[in-house]
S.K.: 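I have a structure I would like to understand better, so I am pasting it below and will then ask my questions one at a time.
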2 protein chains.
Amino acid sequence: MVEVTHRQTEQKAAVRSALEKSTDFISAQDLHARLRDKGSTIGLATVYRSLNDLSQTGEADVLQSGTGQLFRYCGSGEHHHHLVCVDCGKTVEVEVPVEEWVQKVSQTNGFTPVRHVLDMYGRCADCEAIRRSTAR
Amino acid sequence: MVEVTHRQTEQKAAVRSALEKSTDFISAQDLHARLRDKGSTIGLATVYRSLNDLSQTGEADVLQSGTGQLFRYCGSGEHHHHLVCVDCGKTVEVEVPVEEWVQKVSQTNGFTPVRHVLDMYGRCADCEAIRRSTAR
DNA sequence: GCCGTAGTGAGTTGCGTTCTCAATAGCGCC
DNA sequence: GGCGCTATTGAGAACGCAACTCACTACGGC
Ligand SMILES: [Mn+2]
Ligand SMILES: [Mn+2]
Ligand SMILES: [Zn+2]
Ligand SMILES: [Zn+2]
């Protein structure tokens, strides 16, 4: 059996490109709408498929929001974590020693680490200012 | 206007009790099934309502799994985090200085902290042993 | 015991995501 | 360039979790 060939398609490229252009986390549906608005006829299923592929290869970050999963392009395949503004979605990649602690805590409890989830949410300076100026 | 009275019902007690008896994280549906199996006629909606109430008061922990939210009873209202076995669901409450990290990176980036998510997954010693003995 | 109303539960709805499958289009090969 | 195989696509259906609806129930203050 030979190699399984992964074909290069316009759709996959379009999803990657659109994701790169989005600075904040975005949902599959919003990305789909954005693509359609720009004339693409791409299907929603394909957007989901492409985003899932990108997240599996580490090209995209995923986080679970209350309404579903959000995606974000992430060139560096390095594992890292995010600080996300709950109001505007502005996102900063941050460095924290989680991995060390995962290792430590796992060892203490006889676990073999598999994965971990760490996402930090807050309000960015701008949104916090807006919030303060508005009555509550 | 007087106080809003929260009435004490069999159903709420049953949910709390069933949740206490479950050592691992459990879904609302599984908890509902468990209750029905034991003769209860409680409705699924009530299970969801009760679990949401418990999580809001801090009596229950919630975590987002791939298939939905999982609940776990948690006497201590203290904020903490979990190390969960991906195979059997065994859960350990662990202490990690996440709060410090949140403070630090928020300050660095001009964010006002709101909340954070930290869940660690691995395989407990038992499940790891089983995995090793089985052919991959 | 009576009453007002919070709570319940069967069924329905909503919504994000995945699945189905016939049609399309990469791409290795000639 | 053309052929053939099959990975990929997209419209729509299906799925699963969670919330909602609303008539009915039962808690608890009196
Ligand atoms: Mn990232
Ligand atoms: Mn806990
Ligand atoms: Zn913001
Ligand atoms: Zn285990």
Side-chain angles (χ1 to χ4, degrees), chain A residues 1-19 22 24-57 59-72 89 119, chain B residues 1-19 22 25-57 59-72 89 117 119:
Chain A
M1 293 306 134
V2 286
E3 278 290 293
V4 173
T5 59
H6 276 235
R7 296 180 184 171
Q8 189 174 338
T9 66
E10 280 185 28
Q11 290 88 340
K12 289 176 184 170
V15 169
R16 179 186 280 104
S17 167
L19 195 63
S22 170
D24 304 327
F25 279 91
I26 187 173
S27 72
Q29 312 220 30
D30 285 353
L31 198 69
H32 178 243
R34 197 168 292 186
L35 286 165
R36 300 289 283 224
D37 286 348
K38 288 181 180 172
S40 171
T41 59
I42 192 172
L44 180 57
T46 299
V47 173
Y48 271 106
R49 282 189 285 246
S50 300
L51 288 174
N52 285 339
D53 288 349
L54 288 172
S55 77
Q56 274 185 322
T57 61
E59 271 195 271
D61 295 321
V62 198
L63 68 78
Q64 203 72 21
S65 88
T67 58
Q69 48 195 22
L70 300 178
F71 301 84
R72 182 163 184 267
D119 293 306
Chain B
M1 293 306 135
V2 285
E3 278 291 293
V4 173
T5 59
H6 278 233
R7 295 179 184 171
Q8 188 174 338
T9 66
E10 279 185 28
Q11 289 88 341
K12 290 177 186 172
V15 169
R16 179 186 282 102
S17 167
L19 195 63
S22 170
F25 278 91
I26 186 173
S27 71
Q29 312 219 29
D30 285 352
L31 197 69
H32 178 242
R34 195 167 294 187
L35 286 164
R36 299 288 283 225
D37 285 348
K38 288 183 181 170
S40 171
T41 59
I42 192 171
L44 179 58
T46 298
V47 173
Y48 271 107
R49 281 189 286 247
S50 300
L51 288 175
N52 284 338
D53 289 348
L54 289 171
S55 77
Q56 276 186 320
T57 62
E59 270 194 271
D61 294 322
V62 198
L63 68 78
Q64 203 72 23
S65 88
T67 58
Q69 46 195 21
L70 301 178
F71 300 85
R72 182 164 185 266
V117 180
D119 293 305

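Just the heavy atoms: all of them, side chains too, but no hydrogens, waters or symmetry mates, feed the values below. Chain identifiers are assigned alphabetically (A, B, ...) following the order of the sequence lines, protein sequences preceding nucleic acid strands; residue numbering begins at 1 within each chain.
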S.K.: Check the phosphate of C:dA10 against B:Arg36, side-chain N and O only, distance under 4.0 Å to OP1 or OP2. Yes or no?
M.R.: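 So the side-chain polar atoms of B:Arg36 do come within 4.0 Å of the phosphate oxygens OP1 or OP2 of C:dA10, strictly under.
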S.K.: Report yes if a side-chain nitrogen or oxygen of A:Thr46 is closer than 4.0 Å to either non-bridging phosphate oxygen (OP1 or OP2) of D:dG10; otherwise report no.
M.R.: yes
S.K.: To the nearest Å, give me how far apart NE2 (A:His32) and P (C:dT18) are.
M.R.: 15 Å
S.K.: At under 4.0 Å, does any side-chain N or O of B:Thr9 touch on OP1 or OP2 of C:dT8?
M.R.: yes
S.K.: Throw together a table of side-chain donor-acceptor distances under 3.5 angstrom for residues 35-45 of chain A, partners on residues two or more places apart or in other chains.
M.R.:
| from | atom 1 | to | atom 2 | distance (Å) |
| --- | --- | --- | --- | --- |
| A:Arg36 | NH1 | A:Thr41 | O | 3.2 |
| A:Arg36 | NH1 | A:Ile42 | O | 2.5 |
| A:Ser40 | OG | A:Ile42 | N | 3.0 |

S.K.: Please classify the nucleic acid contact of A:Thr67 as base, sugar-phosphate, or nothing, using heavy-atom distances under 4.0 Å.
M.R.: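 The residue A:Thr67 makes sugar-phosphate contact but no base contact.
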S.K.: D:dG16, OP1 or OP2 - any side-chain N/O from B:Gln29 closer than 4.0 Å?
M.R.: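 No, no such contact exists.
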S.K.: Does C:dG16 have OP1 or OP2 sitting under 4.0 Å from an N or O in the side chain of A:Gln69?
M.R.: no
S.K.: Identify, between A:Glu10 and A:Gln64, the residue whose nearest nucleotide on DNA chain C lies closer to the 5' end.
M.R.: A:Gln64
S.K.: Are any of B:Tyr48's side-chain N or O atoms less than 4.0 Å away from OP1 or OP2 of D:dA19?
M.R.: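 For D:dA19, neither OP1 nor OP2 has a side-chain N or O of B:Tyr48 closer than 4.0 Å.
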S.K.: In whole angstrom, give the distance that lies between atom NZ of B:Lys12 and atom C1' of D:dT25.
M.R.: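 After rounding, the gap between these two atoms is 14 Å.
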S.K.: Taking only the side-chain nitrogens and oxygens of A:Asn52, find out if one of them lies under 4.0 Å from OP1 or OP2 of C:dT17.
M.R.: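 Negative; the distance criterion is not met.
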S.K.: Checking all strands, does A:Ser27 fall into the base, sugar-phosphate, or nothing category for heavy-atom contacts under 4.0 angstrom?
M.R.: nothing
S.K.: If we fit an axis to the first five pairs and another to the last five of the helix from C:dG1-D:dC30 to C:dC30-D:dG1, what angle do they make, to the nearest 10°?
M.R.: 40°
S.K.: Counting distance alone, no hydrogens or angles: does the base of D:dT6 have a donor or acceptor under 3.5 Å from a partner atom on the side chain of A:Arg7?
M.R.: yes
S.K.: Looking across every strand, which nucleic acid part, if any, lies under 4.0 Å from B:Leu44 by heavy atom: base, sugar-phosphate, or nothing?
M.R.: nothing
